[in-house]
Amino acid sequence: MGPFEGRSISVVRDLSIDEQLYLYQKTREIKTGLKQGGEVEQYRIKDLDLAVYLMFLEDSTRTKESFRNAARFHRVTVIGFDAGSSSFNKNESLTDTVKMLVGYNQRTVFVLRTTLEGVTRHLESYIGEYARQNGIWVPSFINAGDGRHEHPTQEFLDQYTFLEHLDWRRDSIHLALVGDLFHGRTVHSKVEGLRIYDHVKVDLIAPPDLEMPAQYVEKMNTLGYTVRHFKSIDDYLKTSDKARLWYFTRLQLERMGDKIRDRELDLRKAVTLVPAHAGLLPEGTKLFHPLPQNRLYPEIPEELASTPLNGWDTQSQNGFYTRIALLGMVSGKLGSDFEGKAREQASYEPDFIHEVEIKNISRKEDFKTGIKLLSDGTVIDHIGIGLSIPEIWRLIDLIRRKLDLDYRSSHGVFDNSSASHVKGIISIPGDFSLTDRQIKMLAALSPGCTVNSIRSNRVIRKIRLGVPPRIYNFSEAVCRNENCISRSNWREPVKAEFYRSRDRDTFVCKYCDREHRYREIWESL
Ligand code: CP
């Protein structure tokens, strides 16, 4: 079993940088072998018990057909799922559909394109668990494009193409990204894909309605990329330091609101190359495009297809070779010679419980108006710091319900001792302590609060709860992305789950990667 067997690829970072470089190396060997009539038998899976299931619930030519042909190269079973005549029409969920399909073959690799975001991440957990419980080979799920989230296999073929063009040098890259940077999932995947280079300079060319979402720009800044912004190609061509690699992405009208669509022609003009621009491009420029181009409004004029500017035809052919290598890896055929750093598994250590030094102060000084002083019990203090009074009341109610605090007790909203803000307090008398599970929930609901344990009129332990590393199992927590698979209206068995970002003060949806400020997660506050 190779190190990649059974792995799912939902986003680019599901392969570490070394693993991505391994993919590019294998792609190079396979492409060279096929192009030059060399020996390629050692790369083939050759196992009809392995099925590659193509589930394209959104249109595709290149991705679907290159995966189909890559699977044929491998001499495995290739199955095209016909969504249009399936029981989706009887409202069957995607989860139930895949749960059934996974039992039809010895081993399965699912390649999915969906309008919903985060689907493959969900299936990896849910169907993976189901398969393990039922003695089925744990399937791989490959994201072939999900909404406007990511398109990792396009990113792999794009980076492979850039590397070929750069003669495999990875010291630096200067790339212009042009077009619908807001909706274009292929440009979002660039943020991670470009990490294989030592120095990255990215010029973003898009009018304000189509500009790259802030979370991706901030991520590029965090990664140390140099990022510049331009509103149109005309603007960009005035600068002296232009990129030689240009990557276009089409206007995704199907994902836009009516207001933006009304300005379609102006938006197109800003990001469409015209023949007159060609003479203003730096020498050696190559143009790339994930395709398709709209034949009525091509971003790159047809006249340029037969010029040395054309990098996009080689790029789309490379999809075939990179997908051969990727299928080889997740099937376990390739990988035994991998030497490098594997993908880091996130760890979620409970680093959010901080002991607070207990000061020897009179309990009377701590007395809160309206709360009976406890001789024994637990006081949850500083609830909802920073929230308004109505929000704190709702939070107290939520805490009581989620932690099942059905005891004789009292609660209220009070001035903090400094009186600079208000806070909630819940006071529970008796021989009572919060369980670990309750503490985790409390940290998720009200980070910053303290839990005071009082015995015989003395505070014997005080802890302050920080922001927890993971928020899950709360029906009140909701991803703000309406296209996220975790939204309850999609009726798939998924609950929202968030991870605290390592480098930024945000919570990231496990499924669609949407970043949230802490308060945004909670629908009911
Ligand atoms: N680049 C790309 O994803 O093309 P298709 O939509 O044709 O698959």
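All of these numbers come straight from a predicted model, not from anything done at the bench. In listed order, ligands and their atoms are each counted from 1.
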Quiz prompt | Sorted by chain and number, the residues that approach ligand 1 to under 4.0 Å with a heavy atom | solution = Ser60, Thr61, Arg62, Thr63, Arg113, His151, Gln154, Pro290, Leu291
Quiz item: In chain order, what residues pass the side chain to side chain contact (heavy atoms under 4.5 Å, CB included) check against Thr226, with sequence neighbours excluded?
Solution: Lys201
Quiz item: Is a salt bridge present between Glu302 and Arg295, judged by a nitrogen-to-oxygen distance below 4.0 Å?
Solution: no
Quiz item: Is the shortest side-chain N to carboxylate O distance from Arg250 to Glu299 below 4.0 Å?
Solution: no
Exercise. Kindly confirm or rule out a cation-pi arrangement of Lys510 over Tyr472, judged by NZ or CZ under 6.0 Å from the six-membered ring centre and within 45° of its axis?
Key: no
Quiz item: Considering residues at least two apart in sequence or located in another chain, which fulfil the salt bridge (charged side-chain N to carboxylate O under 4.0 Å, His left out) criterion with Arg44?
Solution: Glu41
Practice problem: For Lys35, enumerate each residue passing the salt bridge (charged side-chain N to carboxylate O under 4.0 Å, His left out) test, keeping only those at least two apart in sequence or located in another chain. | Solution: none
